[in-house]
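Reviewing the structure listed below.
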Protein chains: 2
Amino acid sequence: MNDILKKKFPSFSNALLIDINTNALQQSFAAGDVIMRTGQYIKNTVLVLSGKIKIYREDEEGSEFFMYYLQPGQACAISMICATKNQKSQIMAKVVEDVELIMVPLQLMDKWMMQHRSWYEFVIDTYRSRFEEVLDVIDSIAFRAMDERLEFYLKRHRDACDCDDLKLSHQEIASELNTSREVISRLLKKLEQRGVLKMHRNNIELLK
Amino acid sequence: MNDILKKKFPSFSNALLIDINTNALQQSFAAGDVIMRTGQYIKNTVLVLSGKIKIYREDEEGSEFFMYYLQPGQACAISMICATKNQKSQIMAKVVEDVELIMVPLQLMDKWMMQHRSWYEFVIDTYRSRFEEVLDVIDSIAFRAMDERLEFYLKRHRDACDCDDLKLSHQEIASELNTSREVISRLLKKLEQRGVLKMHRNNIELLK
DNA sequence: CTTCCTATGTGATAAATGTTACAGATTGTA
DNA sequence: TACAATCTGTAACATTTATCACATAGGAAG
């Protein structure tokens with residue numbers, strides 16, 4: 001696993017890479033799997049080698065609010081934070097494209113902070129960028145109406161898949177924005193009229 | 001400043017306390033002061049000795065969305081995160097009760113992570129608790145209507161002042177929840193009818 | 001007391017969003 | 001082909017929230 005790891009996490013020092021190779025486990029999950037649930041205890045910090053994961057916030061009735069993507073070269077900030085305190089997870093993680101993960105036991109996560117400068121910087125940078133991303137999410141729901149939130153949502157998905165064709169149904173979008181399908185259908189039509197996108201079945205083509 | 005510092009940050013080791021005393025500056029601000037603005041560069045990590053600070057997220061039109069309180073014994077997670085990367089601030093901090101702060105230069109913030117176990121644990125714990133708090137804020141706006149959001153808001157203010165009399169005007173609440181005064185007045189009346197609170201001028205008395 | 005300022009109350013109305021109900025279109029599969 | 005399942009479109013209506021207009025009340029200051 002060393003070569004992929006080195007490629008996806010280029011900032012890691014050789015000593016750190018060796019430590020990961022000898023101590024951490026690699027694990028695979030298929031699209032659709034839920035690899036972390038709200039309320040579950042977190043025992044590992046998760047590094048993503050390949051594939052894609054979506055991170056959600058859940059409410060009591062089971063609604064799922066989309067927060068952000070987890071991609072190759074990234075780590076789950078929440079798992080890092082919770083791991084150090086042996087806390088329950090506050091989020092739900094769903095695999096959207098088959099993933100290969102590195103699972104780092106929580107004691108090592110902590111120990112390496114002192115031993116490996118590159119690990120420390122990676123962890124801090126992960127915290128920082130996720131915190132910022134979450135603040136942007138707050139912006140969108142606190143200050144924006146649903147039409148702008150939808151555009152923000154679509155743009156983030158384009159960034160994540162790095163393509164202009166989003167394989168999303170209206171119902172899926174509605175659930176992840178915690179609204180209803182009809183609202184999304186109406187707003188998408190308006191965006192189509194404005195020339196922002198073109199609708200197809202199970203597929204939204206972004207034009208701008 | 002050693003005694004207050006020790007009392008408010010009991011987890012800090014003696015070596016760390018000495019380092020803070022010899023390297024960090026103490027600074028005071030009066031109620032009403034804005035000590036950090038969106039877009040400003042952060043040069044220090046802030047530890048609160050006394051007083052109270054409110055942290056807001058701002059939008060382009062100048063609306064201020066309340067996120068959380070900063071209290072004695074706490075540190076600004078955002079300043080820590082941004083400081084390590086010399087980033088611009090994404091938040092606005094307003095003093096609501098005269099404060100005394102310890103300003104820790106960013107290089108030290110970083111250096112101490114490796115040198116002082118108690119500093120490291122404090123920083124990680126600050127990240128964790130703020131991240132959780134921000135996730136709760138997301139819950140409230142993503143899943144809840146304004147009436148529940150208002151109750152959540154009032155409870156957090158009670159927790160922060162540790163008393164049942166909240167010195168808040170309807171306009172103030174409306175701004176911090178990014179809605180209009182009329183909406184808040186109406187919802188407060190409903191809460192009063194339900195026996196949750198009692199309204200006075202510039203003062204809301206929580207009963208439950 | 002009068003005047004002024006701020007805080008609050010409230011009705012009317014508009015706009016955004018949520019809900020219900022149903023129809024048609026597309027796809028997969030027996 | 002026939003059928004079931006899913007996706008999308010849309011009308012009608014309810015609810016929530018935003019906006020406007022104006023009234024009333026309390027406190028501060030002259």
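We name chains A, B, ... by the order of the sequence lines, and we start the count at 1 in each one. The structure presented is a predicted model; accordingly, all values stated were derived computationally and were not measured.
Aromatic ring pairs are classed by plane angle as parallel below 30°, tilted from 30° to 60° and perpendicular above 60°; the pair Trp112(A) and His116(A) is perpendicular. Ring orientation note: the planes of His157(A) and Tyr69(A) are nearly perpendicular, at an angle over 60° on the 30°/60° scale.
If you check dG9(C), dT17(D), dG9(D) against the side chain of Met146(B), the one that comes closest is dT17(D).
Across all strands, Ser180(B) comes closer than 4.0 Å to base atoms (heavy-atom distances). No engagement by Asp147(A) is indicated, since no non-hydrogen atom pair under 4.0 Å with the nucleic acid exists.
Other residues, nucleotides and ligands place more than 12 heavy atoms under 6.0 Å from the CZ atom of Arg144(A).
Following rounding to the nearest Å, His200(B) (NE2) and dA25(D) (P) show an atom-to-atom distance of 18 Å. Taking atom CG of Leu150(B) as the reference point, atom P of dT16(D) lies 15 Å away to the nearest angstrom. Residue Arg144(A) contributes atom CZ, which lies 18 Å from atom C1' of dT17(D) at whole-angstrom precision. For the pair Glu148(B) CD and dT16(D) P, the computed distance is 12 Å after rounding to whole Å. In this structure, CG of Leu187(B) is placed 14 Å from C1' of dT8(C), rounded to the nearest angstrom. One atom, CG of Asn178(B), and another, P of dA18(D), lie 8 Å apart when rounded to the nearest Å. Computed from coordinates, the Asn203(B) CG to dA7(C) C1' distance equals 13 Å when rounded to whole Å. For the pair Arg186(A) CZ and dA15(C) P, the interatomic distance rounds to 16 Å; values are reported in whole Å.
Shown are Arg57(B), Lys94(B), Lys54(B); of these, the side chain to side chain donor-acceptor pair (under 3.5 Å) with Glu64(B) is made only by Lys94(B).
Remark: His170(A) is in phosphate contact with dG9(D), judged by side-chain N or O atoms under 4.0 Å from OP1 or OP2. The shortest distance between the side-chain N/O atoms of Lys189(A) and the OP1/OP2 oxygens of dT10(D) is below 4.0 Å. Listed pair Thr179(B) / dA18(D) meets the phosphate criterion, a side-chain N or O lying under 4.0 Å from OP1 or OP2.
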**Request:** In sequence, state the C-alpha distance, the side-chain angles, and the governing distance for Ser175(A) and Gln171(A), and then conclude on side chain to side chain donor-acceptor pair (under 3.5 Å).
**Result:** CA-CA 6 Å; Ser175(A) 304; Gln171(A) 182 57 65; 3.3 Å; yes
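Comparing Arg201(A) and Arg181(A) by the nucleotide of DNA chain C whose heavy atom lies nearest to each, the residue mapping closer to the 5' end is Arg181(A). Nearer to the 5' terminus of DNA chain C, by closest-nucleotide assignment, is the contact made by Ala145(A) (compared with the other of Glu182(A) and Ala145(A)).
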